[in-house]
Amino acid sequence: MASGSGCGKLILCGEHAVVYGHPALAIGVQRTTTVDLQPVEGPTSVHSAQGVDEQLIRAVHGVISPTGWRVQLTSDIPMGRGMGSSAALSVALVRAYACATHTMLTTEQTHEQALAVETLFHGTPSGIDNAVAALGGLVHFRRTDTGPVWTSLPCPALTVVVLDSGTAGNTRELVGGVRERHPENTPILNAIGALTPQIQAALTDLDRLGPLLYNNHQLLGELGVSTPALDSLVHFAMDAGATGAKLAGAGGGGVVLAVTHSPDQLVARAVHAGIDAFCTPIATGAA
Ligand code: MEV
């Protein structure tokens, strides 16, 4: 048996702007996708408790030989919620197959191969989701003319509360919508990009960090990627004591992240109000 995994992610700041070359910060979370490969006679088959669809089969076949493997996927990353489920799957597939074929991959090679698979899901991703799925921890990411540049930063002791809207956003469509409104939306993208260094400098001070995250959420709203459900989760979190909150990921559905001095209390209040919520520290990655 050969295995590989990739972790889920949350974008702290810079989603969408990152597609246009602005810097972004993302964290690995304590949710993982694992791929187990078992050699078998005959065609490769795919198994997952979350169901197997055409897109998943294409992703598997983008990495793994069409014959000779039983592919078992296990994941606790909610799908389509902006938590990097497809990037974690892509990284897990690449790592598992490298393990099965006794191939050593650098992080760059893992990223490159996983990005090709991710393209099947999302069209033209910036690569930030794959970088975090492969590295975990706190990642600074920027797309440049010569390729993506990512840096693993020292992890602050930050616990983030995740509130799930229960609906999925379509990353490909949302990124496409922002592109249709480009270049008119350039000032909003520039303002989001300018927040990243400020947020990076405020990571250990929740009273400074929260308002900056909320500012990022408002700009994402102006960009047209928030929804009334996401706005109401943000306000719920802030009314319940969060210093700030924002949608995380492409938007259109998915999750909101919140920072607070009392994460367990916020989760309890959200669950009491019928919201699917949990908290996560920054997870340092999966292999
Ligand atoms: C999706 O997790 C993040 C986006 O910025 C798209 C991308 O960077 O590929 C919306």
Side-chain angles (χ1 to χ4, degrees), residues 6-29 31 33 55 59 75 77-91 111-112 114-136 138-145 147-151 160 162 164-165 167-182 185-186 188-196 199 213 216-217 219-227 230 246-257 280:
C7 70
K9 68 93 185 54
L10 288 168
I11 298 184
L12 284 182
C13 56
E15 51 270 269
H16 288 289
V18 71
V19 174
Y20 299 85
H22 291 287
L25 281 176
I27 56 171
V29 298
R31 299 275 168 135
T33 294
Q55 209 177 28
S75 182
I77 307 174
M79 280 162 66
R81 299 293 205 279
M83 291 190 63
S85 59
S86 57
L89 168 69
S90 308
V91 167
H111 183 269
E112 201 175 305
L115 190 60
V117 181
E118 177 80 339
T119 303
L120 296 172
F121 291 99
H122 295 324
T124 50
S126 66
I128 185 170
D129 293 9
N130 289 82
V132 185
L135 292 165
L138 171 64
V139 177
H140 182 279
F141 185 95
R142 185 166 204 158
R143 202 178 193 186
T144 70
D145 292 343
V149 178
W150 63 80
T151 316
V160 171
V162 180
D164 192 340
S165 70
T167 60
N170 182 320
T171 301
R172 187 193 284 263
E173 281 174 14
L174 287 148
V175 170
V178 172
R179 192 173 298 286
E180 274 169 27
R181 297 185 287 278
H182 197 256
N185 53 17
T186 300
I188 307 172
L189 295 166
N190 290 347
I192 292 174
L195 276 177
T196 293
I199 287 177
L213 294 178
N216 193 166
H217 178 75
L219 290 166
L220 288 165
E222 286 175 37
L223 202 57
V225 299
S226 190
T227 65
L230 292 171
K246 66 178 277 286
L247 73 86
V255 298
V256 156
L257 70 79
T280 174

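Order of listing sets the numbers, starting from 1, for every ligand and every atom in it. Remember, predicted model here, so these are calculated numbers, not experimental data.
Counting heavy atoms from C-beta outward, Thr196 and Arg142 have side chains that stay 4.5 Å or more apart. Leu120 places none of its side-chain heavy atoms less than 4.5 Å from the side chain of Gln55.
The proximity of Thr124 to ligand 1, defined as any non-hydrogen pair under 4.0 Å, does not occur for either the backbone or the side chain.
Near Ile11, with a cut-off below 4.0 Å to any heavy atom, the atoms of ligand 1 are 2 (O), 3 (C). Atoms of ligand 1 found under 4.0 Å from any heavy atom of Val18, numbered from 1 in the order shown, are 5 (O), 8 (O). Within the listing of ligand 1, atoms 7 (C), 8 (O) sit less than 4.0 angstrom from a heavy atom of Val19.
In this pair, Phe141 and Trp150 present their aromatic rings parallel. The plane angle is below 30°, not in the 30 to 60° band.
The side-chain contact (heavy atoms from CB on, under 4.5 Å) test with Leu257 is passed by exactly one of Leu247, Thr280, Leu12, Ile27: Leu12.
When the heavy-atom distances from atom 8 (O) of ligand 1 to Gly169, Gly249, Ala250, Ser126 are ranked, the shortest goes to Ser126.
Of all the heavy atoms in Gly82 and Lys9, the pair that sits closest is O-NZ, 2.9 Å.
Judged by distance alone, the side chain of Arg143 and the main-chain N or O of Val149 form no donor-acceptor pair under 3.5 Å.
Of all protein heavy atoms, the one lying nearest to atom 6 (C) of ligand 1 is Val175 CG2, 3.8 Å. Closest protein heavy atom to atom 5 (O) of ligand 1: His16 N, 2.9 Å.
For ligand 1, none of its N or O atoms has an N or O atom of Thr171 under 3.5 Å away. Between Glu15 and ligand 1, not a single N/O pair is under 3.5 Å apart.
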